[in-house]
Amino acid sequence: MTDAAGSDLRILLDSRGIESTVERVAADVSADHNDGVVLVGVLRGSVPFLADLARAMSIRVRIDFLSITPYSPGTGRVRLLKDLDIDVTGRDVVMVEDIVDTGLTSEFLSAQLNRRNPRRLSVCTFVDRPVRRAAPVRPDYVGIGIPEEFVIGYGLDYEGRYRNLPMLAAANPAVLKENPDAHIAALYRF
Ligand code: PRP
């Protein structure tokens, strides 16, 4: 697909591809958690995936969210902006991410969650991009694995844009840096 800026966008998953991917992941999570789960979404990118995942699951689901300051590998300083409201002690918890990239966010939040003594903690991500992994994180449930490419849509943003696109697309970050709105006109036709 070529947009007004003349730069290519490659659709990795259209809305039907997203739907079938979510159904597969939801079936896997459901099969592993007969007693139900607490889905813990990591704000903000996980919201579209978590909403679809919860509705596609066939077990009891409770929903909560965590939010942290952006991870800065230079300082290593991260703090919780929003903690859990639900007591997860003795419960099966599935942390839900839009993307696991370096893995630093998942590593930090897994440690936070494990301190609450869940019965079991798993990591579920819509996109897994292992090429830049800096922490020993292996997500338990993965929607799609991708190589080193920049992706937008279905929760994934560029400077706050594109999260609500009902597709996952590979974009050129150099084009977006030049014009953050470069892909909007073409994408919103779908
Ligand atoms: C993104 C994404 C994950 C995290 C993954 O969050 O939603 O939480 O980065 O990256 P990592 O594996 O390298 O740690 P971001 O800080 O961009 O916030 P957002 O969800 O609000 O977009």
Side-chain angles (χ1 to χ4, degrees), residues 9-33 37-57 59 61 63-68 70-73 78 92-114 118 120-173 176 183 187:
L9 274 176
R10 197 159 48 84
I11 297 178
L12 303 178
L13 291 171
D14 61 11
S15 57
R16 293 191 64 145
I18 286 175
E19 188 177 356
S20 61
T21 300
V22 170
E23 283 174 4
R24 170 178 52 79
V25 174
D28 289 346
V29 176
S30 298
D32 291 345
H33 297 86
V37 289
V38 180
L39 295 182
V40 175
V42 182
L43 294 173
R44 289 162 292 192
S46 69
V47 169
F49 178 40
L50 185 142
D52 288 345
L53 185 67
R55 285 177 290 189
M57 286 171 62
I59 54 174
V61 170
I63 294 173
D64 206 344
F65 292 97
L66 285 173
S67 179
I68 60 169
Y71 204 96
S72 167
V78 180
D92 287 0
V93 174
V94 177
M95 185 165 69
V96 180
E97 281 273 31
D98 54 341
I99 184 167
V100 174
D101 185 17
T102 65
L104 293 170
T105 302
S106 293
E107 182 183 54
F108 174 79
L109 290 177
S110 292
Q112 295 288 321
L113 288 168
N114 273 322
R120 176 178 175 189
L121 173 64
S122 309
V123 175
C124 175
T125 185
F126 190 70
V127 177
D128 186 21
R129 185 169 55 195
V131 70
R132 298 203 314 151
R133 198 75 94 237
V137 172
R138 289 187 62 187
D140 302 278
Y141 305 97
V142 172
I144 181 173
I146 63 168
E148 176 134 39
E149 57 189 356
F150 185 76
V151 284
I152 55 174
Y154 202 56
L156 290 144
D157 74 311
Y158 183 81
E159 294 188 354
R161 298 154 173 87
Y162 308 109
R163 287 194 203 274
N164 59 325
L165 296 173
M167 68 185 77
L168 183 74
N172 183 339
L176 286 167
H183 298 311
L187 286 169

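- Using a 4.5 Å cut-off on side-chain heavy atoms (C-beta onward), Leu156 and Ile99 make contact.
- Between Ser106 and Glu97, the closest side-chain pair of non-hydrogen atoms falls below 4.5 Å.
- With rounding to the nearest 0.5 Å, the separation of CZ in Arg120 from CG in Asn114 is 13.0 Å.
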With side chain to side chain contact (heavy atoms under 4.5 Å, CB included) as the criterion, how do Leu39 and Met57 come out once you've worked through the C-alpha distance, each side chain's angles and the decisive distance to 0.1 Å? CA-CA 11 Å; Leu39 295 182; Met57 286 171 62; 4.1 Å; yes

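- Taking all atoms of both residues into account, the shortest heavy-atom contact from Leu9 to Ala171 is CD2-CB, 3.5 Å.
- With a 4.5 Å cut-off on side-chain heavy atoms, Ile144 and Leu168 count as touching.
- Put simply, the side chain of Asp157 never gets that close to the backbone of Arg163: no donor and acceptor are under 3.5 Å apart.
- Here the side chains of Val94 and His33 are in contact, with some heavy-atom distance below 4.5 Å.
- Checked by atom type and distance alone, the side chain of Ser20 pairs as donor or acceptor with a backbone atom of Gly17 at under 3.5 Å.
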So Phe49 and Ile18, side chain to side chain contact (heavy atoms under 4.5 Å, CB included) or not? Walk me through it. CA-CA 9 Å; Phe49 178 40; Ile18 286 175; over 6 Å; no

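- Remark: Glu19 CD to Leu13 CG distance equals 12.0 Å, nearest 0.5 Å.
- In summary, Asp128 and Arg133 engage in a salt bridge, as defined by a charged side-chain N under 4.0 Å from a carboxylate O.
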Can you check side chain to side chain contact (heavy atoms under 4.5 Å, CB included) on Phe65 and Val42, steps first, answer last? CA-CA 6 Å; Phe65 292 97; Val42 182; over 6 Å; no

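- In this structure, CD on Glu159 lies 12.0 Å from CD1 on Ile152, to the nearest 0.5 angstrom.
- Here the shortest heavy-atom pairing between Val142 and Pro139 reads CG2-CB, 3.8 Å.
- A donor-acceptor contact under 3.5 angstrom links the side chains of Tyr141 and Asp32, judged on distance only.
- The two residues Gly103 and Val137 have their closest heavy-atom pair at O-CG2, 3.4 Å.
- Counting heavy atoms of neighbouring residues, nucleotides and ligands inside a 6.0 Å radius, atom CZ of Arg24 exceeds 12 of them.
- By the 4.5 Å heavy-atom criterion applied to side chains, Ser110 and Val123 are counted as neighbours.
- Looking at Ile146 and Val151, their side chains come closer than 4.5 Å, going by heavy atoms from C-beta outward.
- When atom types are taken as modelled, the side chain of Arg129 and the backbone of Glu149 share a donor-acceptor pair closer than 3.5 angstrom.
- Val25 is listed as a side-chain neighbour of Leu53, based on a closest heavy-atom distance under 4.5 Å.
- The aromatic rings of Phe150 and Tyr158 sit perpendicular to each other, their planes meeting at more than 60°, with 30° as the lower class boundary.
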Show, in sequence, the C-alpha distance, side-chain angles and deciding distance for Asp52 and Tyr154, and conclude whether the side-chain hydrogen bond (donor to acceptor under 3.5 Å, both in side chains) test is met. CA-CA 10 Å; Asp52 288 345; Tyr154 202 56; 2.6 Å; yes

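- Between Val100 and Arg138, the closest side-chain pair of non-hydrogen atoms is not below 4.5 Å.
- Taken from CG in Leu50 to CE in Met95, the straight-line distance is 12.5 Å, to the nearest 0.5 Å.
- Although no hydrogens or angles enter the test, the distance criterion places no donor-acceptor pair under 3.5 Å between the side chain of Thr21 and the main chain of Gly143.
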CA sep, side-chain torsions, deciding dist, call: Thr125, Asp98, side chain to side chain contact (heavy atoms under 4.5 Å, CB included): CA-CA 5 Å; Thr125 185; Asp98 54 341; 5.9 Å; no

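- Expressed to the nearest 0.5 Å, how far CG of Leu121 lies from CG of Asp92 amounts to 9.5 Å.
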